[in-house]
Each structure stands twice: as structure tokens, then as C-alpha cells.
Amino acid sequence: MNTKNIIIEKIELNGAEINEKGEIEDIDSIVFISLVLDLEEEFNIEIPDEYLLMSTFSSIDNITLIINKLIDNIETAAAAVRAACANAR
């Protein structure tokens with residue numbers, strides 16, 4: 001399952017609806033926090049405070065971009081650590 005499909009599943013499991021434009025509807029603060037926690041757990045990430053706005057989480061595309069960016073940052077950092085360790089040997 002790709003990132004976008006996982007996000008859609010988490011949105012639906014938290015009781016929010018997705019309209020035909022891919023926008024999230026019927027999201028209140030409790031659903032929002034629950035969704036953020038589920039996504040952080042699912043992708044093993046921490047979503048920075050600057051992204052923790054309902055307006056930022058207004059569409060599937062926005063959330064997918066954020067999650068992919070955070071995953072890419074983790075992978076880039078891990079590669080840098082591996083390279084530094086290899087050079088230290």
C-alpha cells in the first residue's frame with residue numbers, strides 16, 4: 001500500500017470524510033489530533049508543530065506531501081550517518 005492510500009485509510013478510520021476533490025471534511029480537533037497521532041505512528045515520524053494546522057491537513061495531497069517530505073528527510077539523514085560511519089573506519 002502506498003503512502004497516499006495509507007493516509008486515506010487513516011482519515012476514514014478516524015471518522016473524517018473525503019470529498020471528490022480530495023479535501024477532508026467533517027474534521028474537528030479530536031479527529032485532527034487522532035489522525036496526526038495515527039500518521040506519526042504509522043510512518044514512524046514526528047510531524048513538526050509548523051505543520052499542525054487544520055488548514056495544512058485540509059487535503060489528501062497536502063498530507064501526502066508533508067509525510068513524503070518527512071520520510072525523505074529521515075532517509076537522507078540515515079544515509080549521511082551511514083556514510084560518516086563508513087568514513088570513520
Side-chain angles (χ1 to χ4, degrees):
M1 192 178 296
N2 67 29
T3 302
K4 190 172 191 172
N5 290 336
I6 293 170
I7 292 167
I8 291 169
E9 179 181 275
K10 295 297 181 184
I11 291 168
E12 291 171 344
L13 286 173
N14 279 286
E17 294 182 20
I18 304 165
N19 68 21
E20 63 280 347
K21 295 178 186 177
E23 298 168 339
I24 301 169
E25 298 180 336
D26 300 327
I27 187 166
D28 61 22
S29 58
I30 294 173
V31 171
F32 176 77
I33 295 300
S34 181
L35 175 60
V36 168
L37 293 173
D38 282 353
L39 292 172
E40 287 180 332
E41 183 177 332
E42 177 70 33
F43 294 105
N44 196 28
I45 58 171
E46 184 175 327
I47 300 173
D49 291 346
E50 62 263 22
Y51 295 126
L52 297 178
L53 303 168
M54 285 192 196
S55 59
T56 306
F57 275 68
S58 63
S59 74
I60 295 166
D61 289 340
N62 284 359
I63 298 170
T64 302
L65 286 171
I66 292 166
I67 299 296
N68 285 335
K69 178 180 177 182
L70 294 171
I71 290 170
D72 288 346
N73 287 346
I74 291 169
E75 291 172 356
T76 300
V81 169
R82 285 192 298 274
C85 290
N87 290 335
R89 292 181 187 172

For residues 39-49, which side-chain donor-acceptor pairs fall under 3.5 Å, sequence neighbours excluded?
unit_1	atom_1	unit_2	atom_2	d
E40	OE2	I47	N	2.8
E42	OE1	K10	NZ	3.4

Can you establish whether the number of heavy atoms outside L53 located under 6.0 Å from its atom CG is more than 12? yes
Give the minimum heavy-atom separation between F57 and Y51, together with the two atoms involved. CE1-O, 3.2 Å
Test of understanding: clusters of I, L, V, M, F, W, Y form through side-chain heavy atoms closer than 4.5 Å, transitively. Do M1 and I8 belong to the same one? yes
Could you name each residue pair satisfying side chain to side chain donor-acceptor pair (under 3.5 Å) that touches residues 20-35, not counting sequence neighbours? N14-S34, N19-E23, N19-E25
Linking I/L/V/M/F/W/Y whenever their side-chain heavy atoms sit closer than 4.5 Å, directly or via other members, would I63 and L65 fall into one cluster? no
Go through the steps for I33 and L37 under the test side-chain contact (heavy atoms from CB on, under 4.5 Å), then give the verdict. CA-CA 6 Å; I33 295 300; L37 293 173; 4.0 Å; yes
Does I6 share a hydrophobic cluster with L13, counting links as ILVMFWY side-chain heavy atoms below 4.5 Å and allowing steps through other members? no
Once ring pair (Phe, Tyr, Trp, His ring centres under 6.0 Å) is applied, what residue pairs with a partner in residues 1-24 remain, sequence neighbours excluded? none
Measure the CD1-CG distance between I66 and D61 for me, rounded to the nearest 0.5 Å. 11.0 Å
Let me confirm one number: the CD1-CG distance from I24 to L35, rounded to the nearest 0.5 Å. 6.0 Å
Closest approach of N62 and S58, non-hydrogen atoms and distance? ND2-OG, 3.4 Å
Quick one: pull up CD1 in I67 and CD1 in I60 and give me the separation to the nearest 0.5 Å. 13.0 Å
